[in-house]
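Some notes on the structure that comes next.
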Amino acid sequence: MTIRTRFAPSPTGHLHVGGARSALFCWAFARRHGGTFLLRIEDTDQKRSSDEAGLGFLEDLKWLNIDWDEGPVFEGNGGGDTGPYFQSQRLDVYGEYFDRLIESGAAYPAFETPEELAEARKEARAQKRPYRYDRASLSLPAETVAQYLEEGRPHVLRFRVPDDQELVVNDLVLGEVRVAPGELEDFVIRKADGYPTYHFAVVVDDSLMGVTHVIRGQEHLANTPKHVLLQEALGFEHPAYAHVSLIFNPDGSKMSKRDKDKLLRTTVRERKVESPPPGCGIDEETWSTWLNDKTIQLPTGAASSLAVELQVELPEIDVADFDRAGYLPEVLVNYLALLGWSPGENREQFDQKFLVEHFDLDRIVKSPARFDRDKLLAFNLDAIQNMEEQEFVDRFRAFCQQHHPNVIAHFDGETFEHFARANKERSKTLVDPIRTGGFFLKNDDSITWEAIKPVRKALCNGDPCGYERLEAILPVLRSLEDWTVSGLESAIDEWAAAHADGNLGKVAQPIRVAVSGGPISPPIYDTLVILGKDSSLRRMERCLEQRSVLCPSG
RNA sequence: GACCCCAUCGUCUAGUCAGGUCCAGGACACCUGGUUUUCAUCCAGGCAACAGGGGUUCGAAUCCCCUUGGGGUCGCCA
């Protein structure tokens with residue numbers, strides 16, 4: 001049997017880490033067994049599908065180096081004979097199978113309105129009674145049904161669940177999952193707008209597309225008996241199921257793509273923000289629809305600009321968030337694979353090749369896992385430290401081109417490389433050089449020195465103090481012709497040997513603080529070369545002028 | 001609430017299916033010491049878990065039951 005797996009996201013935003021892991025597992029399983037991995041877009045919700053959000057995760061998958069054999073065509077991936085791969089383009093396909101179920105009596109039209117159903121659910125809840133659809137429409141006389149249909153009365157199609165059949169799902173991760181007869185209600189398979197529901201479309205498409213293994217999150221486990229039932233009614237084979245545990249936030253709640261939206265809602269409610277803050281580009285209408293309907297989310301762009309306006313930090317949830325934060329895709333893949341799967345034998349760090357060679361369903365962990373940023377960061381650090389210098393430079397450059405073009409623009413090519421090289425050994429992420437090296441990008445005259453402890457320690461303490469050393473070495477540097485790492489090294493070393501008992505730190509740290517405004521920078525010779533002679537001297541001079549402010553007592 | 005799933009260090013896990021080699025191994029975090037011109041690294045060491053209770057067995061982290069805890073689902077969302 002040739003294995004075929006699929007990842008079937010709904011186009012409601014960027015790919016989040018949970019989805020990314022499902023996709024990764026599907027992909028790895030297919031690749032391991034020489035099978036086919038396909039992508040299908042579940043866009044059967046007319047209200048929520050948007051073109052803008054739809055393509056985002058194709059880029060995310062590509063960034064993660066997860067390729068697909070069949071599915072939407074995108075940069076060399078996709079195509080295939082079992083499409084179309086957008087469910088909204090498969091309506092006529094579903095029609096045939098709806099008819100089949102209607103003819104066999106396994107499906108019937110139901111005329112209750114959403115409002116009526118909501119009311120019935122509310123009532124059941126109030127009476128602490130589990131709600132199940134009461135099959136009212138099923139007991140309607142045939143003439144009535146015919147008449148309603150004739151009138152064109154809006155209706156859905158419900159699946160008639162057998163009354164006394166125990167349902168067994170044989171899950172490759174969880175084992176046998178049993179659901180007693182009578183637990184399922186007659187669920188909707190076709191909405192009033194004619195679109196299939198998820199349950200129906202997923203079953204038909206998986207079968208028609210020849211999917212052999214359904215690997216998905218455990219949130220779908222409770223739905224699976226419905227799918228099994230539909231497969232039986234339609235005469236389809238059952239695919240093998242593997243339900244993967246969920247990914248949690250550090251606080252133990254489910255990590256969800258809606259977390260950002262939740263945080264924004266909470267903030268807006270707590271601060272009683274009445275209208276969209278100007279500058280976040282959200283109009284009144286979008287704002288009020290959003291606030292009034294918890295099931296809809298703000299578009300990604302609007303959400304992040306609102307976060308900026310409100311000055312709240314959105315949690316990193318989407319794959320794109322991790323890209324922006326300077327994580328390496330292969331590290332995210334490694335970490336995600338490890339979250340819920342383990343190769344055993346104390347092996348933790350591995351590449352995609354290893355994953356493809358070793359991945360299998362029987363080592364998937366059943367219990368949910370919390371997403372641990374610290375560990376991801378540690379892995380990212382290791383990956384960066386193990387990189388060849390030139391590779392780091394190239395990847396850092398690509399990262400800047402994408403996310404921080406101003407950094408590229410600020411340096412000439414050679415200096416940019418030096419900046420990158422000088423930062424490699426202290427970088428945990430690709431943004432670290434930018435985050436800790438902001439002083440490189442500033443104007444000489446906008447550097448300021450805060451009287452914080454490490455600054456005062458470097459400049460004011462000791463005898464002679466840092467300021468005195470700075471003052472003493474300044475003429476030496478001013479007259480230095482060879483402003484290179486080696487030139488500076490010999491000049492400063494020599495000076496330190498003669499005037500600071502060879503203690504380099506006594507002179508390096510005052511210089512560092514003077515040129516950067518703080519206690520953190522790459523090695524001092526590199527820092528001075530990257531900055532250039534004029535800037536370095538100018539900054540030291542300006543720092544000297546601040547002496548009485550920073551060290552009032554001496 | 002009903003149904004379903006899960007349960008080993010703070011976190012991710014190995015070990016569970018084939019009970020003894022496990023007074024439980026690794027990684028991240030944390031703590032201590034060392035290296036380093038700052039930061040970040042790096043090195044050495046340390047702390048730390050089988051949720052609780054019953055069984056089964058010569059023997060249980062491993063098998064069974066109950067309790068507790070956590071999670072998922074209960075939409076004309078996917």
Side-chain angles (χ1 to χ4, degrees), chain A residues 8-12 42-45 47-48 87 110 112-114 117-118 121 124-125 127-132 154-158 169 171 173-175 177-180 183-185 187-193 195 197-199 201-202 217-225 243 245-246 248 250 252-254 295-296 335 338-349 362-363 365-379 381 385 423 425-428 432 436 454 458 492-493 496 503-509 511-513 516 518-525 527:
Chain A
S10 58
T12 49
E42 312 236 317
D43 54 349
T44 53
D45 186 351
K47 285 196 287 286
R48 245 170 284 177
Q87 289 185 328
E112 294 76 12
T113 65
L117 293 170
R121 277 188 202 103
R125 199 181 188 78
Q127 294 173 16
K128 300 197 168 191
R129 173 167 63 71
Y131 172 79
R132 273 185 211 110
H155 65 280
V156 301
L157 217 49
R158 282 183 186 266
V169 178
D171 190 275
V173 172
L174 266 14
V177 178
R178 289 167 181 282
V179 176
E183 285 298 332
L184 293 186
E185 67 170 356
F187 54 94
V188 174
I189 57 177
R190 190 179 67 196
K191 311 175 204 176
D193 64 6
Y195 276 59
T197 60
Y198 163 73
H199 303 299
V202 84
Q218 256 182 47
E219 71 265 28
H220 290 295
L221 183 61
N223 289 326
T224 310
H243 286 94
S245 66
L246 270 11
F248 287 175
S253 61
K254 181 191 166 194
T295 65
I296 63 167
Y335 181 72
L338 211 53
L339 208 60
W341 177 77
S342 155
E345 291 172 5
N346 294 336
R347 182 76 184 261
E348 290 207 311
Q349 296 194 354
D362 55 5
R363 293 193 67 91
V365 177
K366 295 179 181 181
S367 46
R370 294 178 197 219
F371 194 93
D372 183 358
R373 294 293 151 82
D374 287 332
K375 190 155 180 166
L376 175 66
L377 197 59
F379 277 28
L381 168 87
Q385 299 319 320
N423 273 294
E425 69 171 6
R426 85 203 68 260
S427 291
K428 294 185 170 186
D432 277 0
T436 61
I492 294 175
D493 273 5
N503 194 334
L504 206 53
K506 295 273 190 239
V507 57
Q509 198 59 2
I511 296 177
R512 170 173 289 116
V513 169
S516 74
I520 300 165
S521 91
I524 195 63
Y525 314 121
T527 302

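Every chain is numbered from 1 and lettered A, B, ... according to where its sequence line falls, protein lines coming before strand lines.
- Legend: residues meeting side chain to side chain donor-acceptor pair (under 3.5 Å) with A/Tyr525, ordered by chain and number and at least two apart, are A/Asp493.
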message = Generate the contact string for nucleotides 2-8 of chain B. Rules: B means base contact, S means sugar-phosphate contact only, - means no protein heavy atom under 4.0 Å.
response = -SSSSS-
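- Between A/Tyr195 and A/Asp43, the shortest heavy-atom distance links the atoms CE2-O, 4.3 Å.
- In this structure, A/Glu348 reaches the bases: a heavy-atom distance under 4.0 Å links it to at least one base atom across the strands shown.
- When the C1' atom is used for both B/A14 and B/G55, the distance is 28 Å, rounded to whole Å.
- Pairing partner, B/A7: B/U68, with both Watson-Crick or wobble hydrogen-bond distances short of 3.5 Å.
- Contact record, A/Thr197 with A/Arg190: CG2-N, 4.3 Å, taken as the closest heavy-atom pair.
- Taking atom C1' on both nucleotides, B/C3 is separated from B/A48 by 37 Å, rounded to a whole Å.
- Donor-acceptor pairing under 3.5 Å is lacking for the side chains of A/Ser516 and A/Ser521.
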Tabulate protein N/O versus nucleotide N/O from nucleotides 29-38 of chain B, keeping only pairs under 3.5 Å, one per line.
from  : atom 1 : to       : atom 2 : distance (Å)
B/U37 : O2     : A/Arg512 : NH1    : 3.4
B/U37 : O2     : A/Arg512 : NH2    : 3.1
B/U38 : O4'    : A/Gln509 : OE1    : 2.9
B/U38 : O4'    : A/Arg512 : NH1    : 3.4
B/U38 : O2'    : A/Pro519 : O      : 2.7
B/U38 : N1     : A/Arg512 : NH1    : 3.2
B/U38 : O2     : A/Arg512 : NE     : 3.3
B/U38 : O2     : A/Pro519 : O      : 3.2
B/U38 : O2     : A/Ser521 : N      : 3.0
B/U38 : O2     : A/Ser521 : O      : 3.1
B/U38 : N3     : A/Arg512 : NH2    : 3.3
B/U38 : N3     : A/Ser521 : O      : 2.6
B/U38 : O4     : A/Pro523 : N      : 3.4

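- For A/Glu348, the salt bridge (Lys or Arg N to Asp or Glu O under 4.0 Å) partners at least two apart in sequence or on another chain are A/Lys375.
- In this structure, A/Lys506 places its NZ atom where only 12 or fewer heavy-atom neighbours from other residues, nucleotides or ligands lie under 6.0 Å away.
- A/Phe379 has its CZ atom 17 Å from the P atom of B/U11, to the nearest Å.
- Look at the P atom in both B/U13 and B/A7: the space between them is 11 Å, to the nearest Å.
- Taking atom CG on A/Leu381 and atom P on B/C39, their separation rounds to 16 Å, with Å as the unit.
- Separation of the C1' atoms belonging to B/C66 and B/C28 is 36 Å when rounded to the nearest angstrom.
- Among the atoms of the strands shown, none is found under 4.0 Å from any heavy atom of A/His243.
- Pair assignment for B/A2 gives B/U73, based on Watson-Crick or G-U wobble hydrogen-bonding distances that are each under 3.5 Å.
- For A/Val169, the side chain to side chain contact (heavy atoms under 4.5 Å, CB included) criterion is met by A/Val177, A/Thr224, A/Pro225, A/Val228, A/Tyr241, not counting sequence neighbours.
- For A/Arg363 (side chain) and A/Ser342 (main-chain N/O), a donor-acceptor pair under 3.5 Å exists by modelled atom type.
- Atom CD in A/Glu345 sits roughly 13 Å away from atom P in B/A14 (whole-Å rounding).
- Atom CZ of A/Arg347 is separated from atom C1' of B/C12 by 17 Å (rounded to the nearest Å).
- Residues passing the salt bridge (Lys or Arg N to Asp or Glu O under 4.0 Å) test with A/Asp432, sequence neighbours excluded: A/Arg435.
- The salt bridge (Lys or Arg N to Asp or Glu O under 4.0 Å) test applied to A/Glu183 returns A/Arg132, not counting sequence neighbours.
- Within the 4.0 angstrom heavy-atom criterion, only backbone atoms of the sugar-phosphate kind lie near A/Phe248; the bases stay farther away.
- With P as the reference atom, B/U11 and B/U67 are 25 Å apart, rounded to whole Å.
- A/Gly340 comes within 4.0 angstrom of the backbone, heavy atoms only, and of no base.
- Side-chain atoms of A/Tyr198 do not come within 3.5 Å of backbone N or O of A/Thr44 as any donor-acceptor pair.
- The CZ-C1' distance, from A/Arg370 to B/C28, rounds to 15 Å in whole Å.
- A 6.0 Å sphere centred on CD of A/Glu345 holds no more than 12 heavy atoms belonging to other residues, nucleotides or ligands.
- When the P atom is used for both B/C17 and B/A51, the distance is 16 Å, rounded to whole Å.
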Could you write out each protein N or O paired with an N or O of nucleotides 15-18 of chain B at a distance under 3.5 Å?
from  : atom 1 : to       : atom 2 : distance (Å)
B/G15 : OP1    : A/Arg363 : NH1    : 3.2
B/G15 : OP1    : A/Arg363 : NH2    : 3.2

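- Checked by atom type and distance alone, the side chain of A/Gln385 pairs as donor or acceptor with a backbone atom of A/Ser427 at under 3.5 Å.
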Polar pairs (N or O, both sides) under 3.5 Å between protein and nucleotides 74-77 of chain B?
from  : atom 1 : to       : atom 2 : distance (Å)
B/G75 : OP2    : A/Arg121 : NE     : 3.0
B/G75 : N2     : A/Arg48  : NH2    : 3.1
B/C76 : OP1    : A/Arg121 : NH2    : 3.4
B/C76 : OP2    : A/Arg121 : NH2    : 3.2
B/C76 : O2     : A/Ala192 : N      : 2.8
B/C76 : N4     : A/Glu112 : O      : 2.7
B/C76 : N4     : A/Pro114 : N      : 3.4
B/C77 : OP2    : A/Lys191 : NZ     : 3.0
B/C77 : O2'    : A/Asp45  : OD2    : 3.1

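- On the C1' atoms, B/U57 is 12 Å away from B/G20, given to the nearest whole Å.
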task = Show your working on side chain to side chain contact (heavy atoms under 4.5 Å, CB included) between A/Val188 and A/Arg158 and close with a plain yes or no.
result = CA-CA 4 Å; A/Val188 174; A/Arg158 282 183 186 266; 3.8 Å; yes
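- Rounded to whole Å, the separation between the P atoms of B/C63 and B/G72 comes to 26 Å.
- Taking atom CZ of A/Arg373 as the reference point, atom C1' of B/C12 lies 14 Å away to the nearest angstrom.
- The minimum heavy-atom distance linking A/Pro523 with A/Glu425 is given by the pair CG-OE2, 4.3 Å.
- Projected onto RNA chain B by closest heavy-atom contact, A/Asp432 and A/Pro9 fall at different nucleotides, the more 5' of which corresponds to A/Asp432.
- Residues forming a side chain to side chain donor-acceptor pair (under 3.5 Å) with A/Asn223 (at least two apart in sequence, or on another chain): none.
- When the side chain to side chain donor-acceptor pair (under 3.5 Å) test is applied to A/Asp193, the partners found at least two apart in sequence or on another chain are A/Gln46.
- Taking all atoms of both residues into account, the shortest heavy-atom contact from A/Asn423 to A/Pro522 is OD1-CG, 3.8 Å.
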Please enumerate all protein N or O atoms sitting under 3.5 Å from an N or O of nucleotides 21-25 of chain B, with distances to 0.1 Å.
from  : atom 1 : to       : atom 2 : distance (Å)
B/G25 : N2     : A/Asn346 : OD1    : 3.3

